[in-house]
Trainee: 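If you scroll down you'll find the structure; I have some questions about it.
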Amino acid sequence: MQNQQEIKRLENTIQDLLDEAKKQGASAAEAGLSQENGLSVTARLGDVETIEHHCDQGLGITVYFGQRKGSASTTDFSQESLKETVSAACSIARYTSEDSFAGLPEKELLATEFPDLELNHPWSISTDEAIALAIECEDAARSYHAEISNSEGASVNTHQGIRVMGNSLGFLHGYASTRHSLSCSVLAQRGDSMQRDYWYTVSRNSAALEPPVEVGKKAAERALRRLEGRSLSTRQCPVLYSAETASGLLGSLIGAISGGNLYRKSSFLLGALDTQIFPEFIHIHEQPYLRGALGSAAYDGEGVATKTRDIVSDGILRSYVLSTYSARKLSLHSTGNAGGVHNLTITPGTFDYQEMLKQINTGLLVTELMGQGVNMVNGDYSRGAAGFWVENGEIQYPVEEITIAGNLKDMFKNIIAVGNDVDYRGNIRTGSILIERMSIAGE
Amino acid sequence: MELLNLARQAILMPAGIQDGDIEKIMNRLLSSSVDAADIYFQSSHTESWVMEGGIIKEGSHNIEQGAGVRAVSGEKTGFAYSDRIELPVLLEAANNVKAIVRQGQNAQVGLVKAANWPLYYPVINPLKSLTDQQKIDLLRQVESETRQLDRRIEEVIVSLTGAHESILVANQDGSLAADVRPLVRMNVTVIVKDNSRREQGSMGGGGRSDYSYFIEQDRALEYGKEAVRQALVNLEADEAPAGNMTVVLGPGWPGILLHEAIGHGLEGDFNRKGTSAFSGRVGERVASGLCTVVDDGTLPGRRGSLSIDDEGTPAEKTVLIENGILKGYMQDKLNARLMGVKPTGNGRRESYANLPMPRMTNTYMLAGSHNPEEIIKSVKKGLYAKNFAGGQVDITSGKFVFSASEAYLIENGKITRAVKGATLIGNGPDVLSKVSMVGTDLELDSGVGTCGKDGQSVPVGVGQPTLKIDGLTVGGTSV
Ligand SMILES: [Zn+2]
């Protein structure tokens, strides 16, 4: 396999870097690189608009002189540049301080088994075929309804890359992976009301992408249903986060239980380990070994083996999300999360989307969130939102120009139901989430 | 021109690329059906240092270099890039890119130097402006002096970053332009604790300068004081109100309102395509007569300033809104050509690996005639928002949000209690028509803005005087 040879060659590059670091006096080092090729094609108003050929590479090294560390990175893989990058990192380590928590992971935590996670599915699509797909997708959106008035286009993206990482404890591994996507964004207009929305599909295997016509139709439906949105009066009511917006709630959970925020004491879940932070029916786990999934990985950014594990069970927080450094700061062990979580999954409930609407009865369905508005230190939450007003379990009209606010601690505790309408397009997999009560601010 | 030679030395010479090679690549790109083409070379060195927990915890040095090749025909763009600045690689990129256009007769071009243009920042390498030891000493000094300011301070994090970037851009008319862009930034974050309550405050600044910027006027120490002040204010803050009310925005950084509410909507690409809420509205009233808003890349040393943009167009001061009337959009070359107007020096890209787009530089509102105290006094009940964390806009519906990180209630013409961060939401095309008072106190931000669009980040500046808006939705929790 060509890939195998290329991985081998890049593993040698990493080994050379690690050797060079040792030669320059480093007591330990870790290095990683990535190399990626890709094609992005956008069609707009029935014709090709852009063709982009991507070709990226980058490598980085961190060296340790005892407990002092320095880092450097470059996009230039020449022998000369590798040497200079190592010496830049070493030079920085002369000025950083002794940090008793700094250093490589414990050797016994490093991954030693590398199952094939089926992450590499190259898509042999020509530029012309990609253009044809994009046009087919955009056509489906534009011809969906007379009120689809304009388009930002449809795009086909395909990327193939290799990642390698190694450290001076003898860890050295590389693997190839792919990622393909198709997206479409269109505008709908009725009188003065103009709205834009989009849909996308993404997968490691092009065969698993939604058909272009479906993507186009969904983009069109989503733009149309937002037309003539109104604000709401200021009130409190139940809020249903659609599956694609609910992943942000779990993202905030991960932020609050990640080591960096915990040891800096800037988390609203400080000291919450082994306590009830959700209702009893909530279970959240990490699944790094799912075949072909977007977040799958046998090891984290430091080479630490990942684990299939519970983060929340019966509503109780069972584990933090830690890298080697943050774990040591907290007198714990790395959980294999340097660089983030891997396929975070909340156990779906029994209701589908329609039944979830019935569960709200009267309240707000949120389908879009805007702005930052999340304070990790105290859990205060206030974000711009758009969606739909629901009465008696039925959508009444689109809503926009409102904010929804609460405190994440209360919001987590007041979850009433999780839907089985799971969005599988990201690293966080959740269905829609219904929260008993939040503050809505509007006109 | 000296700049051109500096850029040649920084980017081309190490790669062994001569001007003749650029001509070869350009000639490969050109044909009679190409409306525009460019080759963009970039080399950037950045460093960052972080002090936290009383120690110098992180340091890193990064080198990024490469070239992007683009050909445009009508509305169609072909683009390829590589981090290898090598003639065969770039010739192949040119071949790939050319596939976008109908084949036509080949054209030939010889390189000429672009005309001179004014420079709005010095040709310096900030990374070399202090020794590594001096950078560390500066961080330590800021950290220890900040830590001493209040006994409730639990943690102080100080970061220092610098970038030295050279770019060289060759256009299809044979013109060759170059820029050397310094950029520095310092940030201080403090976490304070009182009883069981923890809050955070953050302040930073910088610009197209070197590290001496932070030593002059004790700026670095001022960042520390300001971060502590904000954190302590937050310790006292109550629940924010919810609902529609009069909002007074403080001067300076709250100008992010202009950036989100109207700036993005006035970028040429959205308007050429007709996807912005401001499309087709040049000459119409879009703001109260008190409002004049400009985008100005020519402010000396500012974070958002550019001597030339990433297409080689000299930066300009572009009037967007004058006395409430929409005057024009911000343009790159592609959108300017398709709309039949002139480029405005707003063609920017994050790096050689991204296509240029119309982007803001420094966007601000000119001063008005009201005394800021008089503005506060005129409000019976409302919100005074002094600092913001960031924002977002949907350019089609016009809806924008931004999050206040420091805000107060105004009651009977007086600023009373501090309230916790609330999100403000409004509609871009009508928010400025609700501006009823504009202060005399125009301020620009301290140099911390980064704007994201289509996944590309670029440094920007914002600014404004104190503004009174008659009715904006405030998203607090206290109903
Ligand atoms: Zn922006």
Side-chain angles (χ1 to χ4, degrees), chain A residues 47-57 69-76 81 85 88-89 91-99 127 150 152 187 194-196 231 234-236 264-266 370-373 375 377-378 380 382-384 386 400-407 439 441-443, chain B residues 55-66 75-83 93 96-97 99-100 132-133 136 154-155 191 197-200 240 242-244 273-275 277 353 355 389-392 394 396-397 399 401-403 420-423 425-427 473-477 479:
Chain A
D47 200 356
V48 58
E49 184 177 57
T50 59
I51 301 174
E52 298 182 47
H53 299 270
H54 304 271
C55 170
D56 293 285
Q57 60 178 27
K69 77 167 184 174
S71 305
S73 71
T74 182
T75 54
D76 180 356
S81 157
T85 305
S91 150
I92 281 169
R94 276 198 285 278
Y95 297 96
T96 53
S97 313
E98 295 275 336
D99 183 344
T127 306
N150 200 344
E152 288 197 322
L187 279 74
M194 184 160 78
Q195 292 287 349
R196 178 187 48 154
S231 187
T234 298
R235 66 184 75 179
Q236 294 200 329
R264 291 186 180 94
K265 299 195 172 76
S266 53
M370 288 177 83
Q372 291 75 18
N375 184 333
V377 180
N378 56 26
D380 282 345
S382 170
R383 299 190 68 186
E400 62 179 3
E401 209 176 332
I402 57 163
T403 64
I404 56 175
N407 185 284
S439 297
E443 60 190 8
Chain B
I55 63 170
I56 303 295
K57 192 166 153 182
E58 314 258 357
S60 69
H61 185 264
N62 314 292
I63 300 174
E64 207 183 305
Q65 59 180 39
E75 297 184 35
K76 297 179 185 175
T77 301
F79 177 58
Y81 63 86
S82 172
D83 3 47
N96 280 333
V97 160
I100 189 89
D132 287 347
Q133 188 58 52
I136 299 313
E154 271 209 325
E155 178 64 286
I191 297 170
R197 187 164 169 181
R198 273 198 182 77
E199 295 287 350
Q200 195 171 307
N244 197 283
K273 295 175 181 174
T275 59
L355 278 169
Q392 193 185 337
D394 175 333
T396 300
S397 69
K399 302 297 175 276
V401 299
F402 55 143
S403 305
K420 286 202 268 190
T423 292
I425 188 162
N427 184 33
T473 298
V474 178
T477 47
V479 179

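Naming: A, B, ... by sequence-line order, numbering from 1 per chain.
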Trainee: Show your working on side-chain hydrogen bond (donor to acceptor under 3.5 Å, both in side chains) between Ser71(A) and Ser60(B) and close with a plain yes or no.
Mentor: CA-CA 4 Å; Ser71(A) 305; Ser60(B) 69; 5.9 Å; no
Trainee: Does any heavy atom of chain A fall under 4.5 Å from the side chain of Ala277(B), the backbone, both, or neither of them?
Mentor: backbone
Trainee: Need one label for Arg196(A): side chain, backbone, both or neither, based on atoms under 4.5 Å from any heavy atom in chain B.
Mentor: both
Trainee: Is Lys57(B) salt-bridged to Asp99(A), cutoff N-O under 4.0 Å?
Mentor: no
Trainee: Quick check for you: among Gly70(A), Gly406(A), Gly384(A), Ala72(A), which has the greatest number of heavy-atom pairs under 4.5 Å with chain B?
Mentor: Ala72(A)
Trainee: With respect to chain A, which residue among Val401(B), Asn244(B), Ile63(B) yields the maximal number of heavy-atom pairs within a distance under 4.5 Å?
Mentor: Ile63(B)
Trainee: Indicate yes or no for a side-chain donor-acceptor contact from Thr423(B) to the backbone of Ser382(A) under 3.5 Å, with no hydrogens or angles considered.
Mentor: yes
Trainee: Just so I understand: if I count every heavy-atom pair under 4.5 Å between each of Glu75(B), Gln200(B), Lys273(B), Arg197(B) and chain A, which residue has the most?
Mentor: Lys273(B)
Trainee: Do you know which of Glu443(A), Glu400(A), Arg383(A), Lys265(A) has the most heavy-atom pairs under 4.5 Å to chain B?
Mentor: Lys265(A)
Trainee: Do Asn378(A) and Glu199(B) pass the side-chain contact (heavy atoms from CB on, under 4.5 Å) test, and can you show the C-alpha distance, the side-chain angles, and the key distance before you say yes or no?
Mentor: CA-CA 7 Å; Asn378(A) 56 26; Glu199(B) 295 287 350; 3.2 Å; yes
Trainee: Determine whether Gln65(B) and Asp76(A) make a side-chain contact, defined as any pair of heavy atoms from C-beta on separated by less than 4.5 Å.
Mentor: yes
Trainee: Asp83(B) side chain to Gln57(A) main-chain N or O, any donor-acceptor pair under 3.5 Å?
Mentor: yes
Trainee: Relative to chain A, which segment of Thr396(B) carries a heavy atom at a distance below 4.5 Å: side chain, backbone, both, or neither?
Mentor: both
Trainee: Measure distances from Arg264(A) to the heavy atoms of chain B and classify the residue's part below 4.5 Å as side chain, backbone, both or neither.
Mentor: both
Trainee: Can you list the steps and then say if Glu58(B) with Lys69(A) is a side-chain contact (heavy atoms from CB on, under 4.5 Å)?
Mentor: CA-CA 7 Å; Glu58(B) 314 258 357; Lys69(A) 77 167 184 174; 3.4 Å; yes
Trainee: From Ser266(A) OG over to Glu155(B) CD, what is the distance, rounded to the nearest 0.5 angstrom?
Mentor: 9.0 Å
Trainee: Could you tell me the separation between the OG atom of Ser397(B) and the CD atom of Gln195(A), rounded to the nearest 0.5 Å?
Mentor: 5.0 Å
Trainee: Take Asp394(B) and Met370(A) through the test side-chain contact (heavy atoms from CB on, under 4.5 Å) and record every step on the way to the result.
Mentor: CA-CA 9 Å; Asp394(B) 175 333; Met370(A) 288 177 83; 4.3 Å; yes
Trainee: Chain B heavy atoms under 4.5 Å from Glu49(A): which part of the residue, side chain, backbone, both or neither?
Mentor: both
Trainee: Counting only non-hydrogen atoms closer than 4.5 Å, does Ala88(A) touch chain B with its backbone (N, CA, C, O), its side chain (CB onward), both, or neither?
Mentor: side chain
Trainee: For the CE atom of Met194(A) and the OG1 atom of Thr275(B), what is their distance to the nearest 0.5 Å?
Mentor: 6.5 Å
Trainee: Report which part of Asn150(A) has an atom under 4.5 Å of a heavy atom belonging to chain B: side chain, backbone, both, or neither.
Mentor: side chain
Trainee: Is Lys420(B) close to chain A through its backbone or its side chain, or both, or neither, when contacts mean heavy atoms under 4.5 Å?
Mentor: side chain
Trainee: Could you check if a side-chain atom of His53(A) sits within less than 4.5 angstrom of a side-chain atom of Phe79(B), using non-hydrogen atoms only?
Mentor: no
Trainee: Please find the pair of heavy atoms, one from Gly274(B) and one from Leu187(A), that lie closest to each other, and give the distance.
Mentor: O-CD2, 4.2 Å
Trainee: Which of the residues Val97(B), Leu355(B), Asn427(B), Asp132(B) is involved in the greatest number of heavy-atom pairs with chain A at under 4.5 angstrom?
Mentor: Asp132(B)
Trainee: Given the side-chain rings of His54(A) and Tyr81(B), with only the six-membered ring counted for Trp, is the space between their centroids under 6.0 Å?
Mentor: yes
Trainee: Please state whether the side chain, the backbone, both or neither of Ile404(A) comes within less than 4.5 Å of a heavy atom of chain B.
Mentor: neither
Trainee: From Thr50(A) OG1 over to Lys76(B) NZ, what is the distance, rounded to the nearest 0.5 angstrom?
Mentor: 11.5 Å
Trainee: Could you tell me whether a side-chain N or O of Ser97(A) sits under 3.5 Å from a main-chain N or O of Ile56(B), the two making a donor and an acceptor?
Mentor: yes
Trainee: Should His61(B) and Ile92(A) be marked as a side-chain contact (heavy atoms from CB on, under 4.5 Å) after you check the CA-CA gap, both sets of side-chain angles, and the distance that decides it?
Mentor: CA-CA 8 Å; His61(B) 185 264; Ile92(A) 281 169; 3.7 Å; yes
Trainee: Specify the closest pair of heavy atoms between Gly476(B) and Ser439(A), including all atoms of both residues, with the distance to one decimal.
Mentor: O-CB, 3.9 Å
Trainee: Could you look at Asn407(A) and say if it's the side chain, the backbone, both or neither that has a heavy atom under 4.5 Å from chain B?
Mentor: neither
Trainee: Between atom CD of Glu52(A) and atom CG of Asn96(B), what is the distance when rounded to the nearest 0.5 Å?
Mentor: 13.0 Å
Trainee: Heavy-atom pairs under 4.5 Å with chain B are the metric here; pick the option from Ala405(A), Ser73(A), Gly371(A) that has the most.
Mentor: Ser73(A)
Trainee: Say you draw a straight line from CD1 of Ile136(B) to OH of Tyr95(A); how long is it, rounded to the nearest 0.5 Å?
Mentor: 8.5 Å
